[in-house]
Amino acid sequence: MTATFTMLGSGGWIPTARRQTTCAMLSFPDALFIFDAGTGISRLLEERFRGELEGERPVHLFLSHYHLDHIIGLFYLPAMFSGRTVHLHPPARDITGVDALETVAAVISKPYNPHDLEDMPVDIRVEALAAGGHQLAGRRVSVRRQIHADPSAGFRIDDLLVFATDTAMDPGTVPFAEGVSLLVHEAWIDGAEEDDPETEHIAREAYVAHTSARQAAQLAAEAAVGRLVLSHLSPVRGDAYHAQMLESARRLFPQALIMEDGESLELQGAGL
Ligand SMILES: [Zn+2]
Ligand SMILES: [Zn+2]
């Protein structure tokens, strides 16, 4: 079984023309999995992705957490999935401490949106996922709690993909991601900041909620994943800084990548 992974939004916090905020897609012949609903989900409206919206494949949308740069795209769903059902999978209360249905309904409501959740032109079914293992559209979906400003969830899909964003460096990611084909992991800073007393505070502040490129590469190496994609890139850093992050990561884990929005990778899961 193969699947196509597409990066739709490789940035964090603030969208830029080059990098929309977090969204990625895992397309199977019989199901469409989407990870986070940042502004990047709007790229599904681009001509090249129109085929992904056709047909009757079930749509599963996983949310890592509720920060707005990861959920603003919920308001865009009628543009893509009008008249269809979207299975929405936020992390459950055991991870976030808040009720998933209440939290989603509080955001998709008047006067923030022309429709309340139950009146949306898309049938959004809130099916929260607790930490642990689940079976969705014939795939094994594992969920774990991560360390962030507000707790977030990491997701593993079979042996294909681990999606881990908005998380501080977390050793628990290693066994969770062990042997997976692709680890998509956030990288907010390079990590070189640690070594200089002038910049050490930047690293210290970032590490409360986020990971460096070096840390992500270290996790990828320890978990022996196939490839690592650095994501949730900072919009206040320039392209040169991001290129330096990639270089730093590749010194520790040569199969590290940064993807442009709209780029795809074919994934082949071990044992599938
Ligand atoms: Zn974020
Ligand atoms: Zn966040």
Side-chain angles (χ1 to χ4, degrees), residues 1-9 22-37 40-41 43-44 49-65 70-71 73-74 77 80-92 94-95 100-101 104 122-146 152-165 172-173 175-185 223-229 231 259 263-272:
M1 169 70 73
T2 60
T4 306
F5 174 84
T6 304
M7 179 60 76
L8 294 171
T22 305
C23 186
M25 164 170 80
L26 189 59
S27 181
F28 297 99
D30 59 353
L32 183 62
F33 284 10
I34 300 171
F35 299 89
D36 276 345
I41 202 170
R43 295 203 186 274
L44 282 174
F49 299 124
R50 282 299 173 111
E52 299 288 351
L53 303 180
E54 287 165 5
E56 294 299 317
R57 288 183 300 169
V59 179
H60 293 267
L61 172 49
F62 301 84
L63 297 181
S64 62
H65 64 314
H70 298 257
I71 68 162
L74 294 177
L77 293 178
M80 304 142 198
F81 299 111
S82 186
R84 293 178 61 183
T85 296
V86 170
H87 300 273
L88 183 67
H89 303 295
D94 65 321
I95 293 174
L101 179 58
V104 172
V122 178
D123 177 15
I124 299 175
R125 299 197 189 157
V126 178
E127 298 161 2
L129 296 180
H134 306 268
Q135 199 72 24
L136 289 172
R139 269 88 208 178
R140 199 168 65 251
V141 176
S142 308
V143 181
R144 72 181 290 271
R145 179 184 160 122
Q146 304 177 136
S152 62
F155 300 99
R156 176 172 177 142
I157 312 299
D158 287 334
D159 290 331
L160 291 172
L161 173 70
V162 164
F163 183 81
T165 195
T173 300
F176 188 69
E178 181 121 51
V180 80
S181 292
L182 178 65
L183 169 62
V184 176
H185 200 289
V225 305
R227 283 179 284 192
L228 165 69
V229 170
S231 66
M259 295 176 79
E263 253 189 279
S264 296
L265 296 172
E266 295 302 318
L267 302 186
Q268 186 98 48
L272 290 178

Value rounded to 0.5 Å, distance of [atom1] in [X] from [atom2] in [Y]:
{"X": "Arg50", "Y": "Leu44", "atom1": "CZ", "atom2": "CG", "answer": "9.5 Å"}
{"X": "Leu129", "Y": "Leu136", "atom1": "CG", "atom2": "CG", "answer": "6.0 Å"}
{"X": "Ser231", "Y": "His185", "atom1": "OG", "atom2": "NE2", "answer": "8.5 Å"}
{"X": "Leu53", "Y": "Ser82", "atom1": "CG", "atom2": "OG", "answer": "11.5 Å"}
{"X": "Leu265", "Y": "Leu182", "atom1": "CG", "atom2": "CG", "answer": "6.0 Å"}
{"X": "Cys23", "Y": "Ile71", "atom1": "SG", "atom2": "CD1", "answer": "13.0 Å"}

Decide yes or no for [X] and [Y]: does some side-chain heavy atom of the first lie under 4.5 Å from some side-chain heavy atom of the second?
{"X": "Ile34", "Y": "Phe62", "result": "no"}
{"X": "Thr85", "Y": "Val59", "result": "no"}
{"X": "Leu267", "Y": "Arg227", "result": "yes"}
{"X": "Ile41", "Y": "Phe35", "result": "no"}
{"X": "Leu26", "Y": "Ile157", "result": "yes"}
{"X": "Leu8", "Y": "Thr22", "result": "no"}
{"X": "Val184", "Y": "Val162", "result": "no"}
{"X": "Leu32", "Y": "Met25", "result": "yes"}

Side chain to side chain contact (heavy atoms under 4.5 Å, CB included) between Leu63 and Leu88: does it pass, once the steps are laid out? CA-CA 8 Å; Leu63 297 181; Leu88 183 67; 3.9 Å; yes
Kindly determine whether Leu61 and Ile124 satisfy side chain to side chain contact (heavy atoms under 4.5 Å, CB included), including the steps that lead there. CA-CA 10 Å; Leu61 172 49; Ile124 299 175; over 6 Å; no
Provide the full list of salt bridge (Lys or Arg N to Asp or Glu O under 4.0 Å) pairs with a residue in residues 25-37, sequence neighbours left out, each pair given once.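 Salt bridge (Lys or Arg N to Asp or Glu O under 4.0 Å) check on residues 25-37 returns Asp30-Arg139.
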Whether the side chain of His89 engages the backbone of Glu127 through a donor-acceptor N/O pair (distance < 3.5 Å, no angle test) should be reported.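 Here the side-chain-to-backbone pair exists.
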With under 30° as parallel and over 60° as perpendicular, where do the rings of Phe33 and His60 fit, or are they tilted in between?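 Answer is perpendicular, since the angle exceeds 60°.
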Closest heavy-atom contact between [X] and [Y]?
{"X": "Ala153", "Y": "Val143", "value": "CB-CG1, 4.0 Å"}
{"X": "Ala128", "Y": "Ala100", "value": "CB-CB, 3.6 Å"}
{"X": "Val104", "Y": "Pro90", "value": "CG2-CG, 4.1 Å"}
{"X": "Ala130", "Y": "Asp94", "value": "CA-OD1, 3.4 Å"}
{"X": "Arg145", "Y": "Ile95", "value": "NH1-O, 3.0 Å"}

Give a yes or no on whether a salt bridge exists between Arg57 and Glu52, defined as a side-chain N under 4.0 angstrom from a carboxylate O.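 The answer is yes: the pair qualifies as a salt bridge.
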Ionic contact status for Arg140 with Asp159, cut-off 4.0 Å: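 Between Arg140 and Asp159 there is a salt bridge, with a charged N closer than 4.0 Å to a carboxylate O.
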Please tell me whether Phe163 and Phe155 form a close aromatic pair, meaning their ring centres lie under 6.0 Å apart.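 No - the distance between ring centres of Phe163 and Phe155 does not fall below the 6.0 Å cut-off.
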Pairing residues for Arg144 by the salt bridge (Lys or Arg N to Asp or Glu O under 4.0 Å) criterion, not counting sequence neighbours: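 Salt bridge (Lys or Arg N to Asp or Glu O under 4.0 Å) list for Arg144, sorted by chain: Asp170.
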Is the closest side-chain donor-acceptor distance between Gln146 and Ser152 under 3.5 Å?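 Result is yes, a qualifying pair exists.
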Any chance you could lay out the side chain to side chain contact (heavy atoms under 4.5 Å, CB included) test for Phe5 and Met259, step after step, and finish with the verdict? CA-CA 11 Å; Phe5 174 84; Met259 295 176 79; 3.6 Å; yes
Candidate pair Val122 and Arg84, rule side chain to side chain contact (heavy atoms under 4.5 Å, CB included), full reasoning: CA-CA 6 Å; Val122 178; Arg84 293 178 61 183; 5.5 Å; no
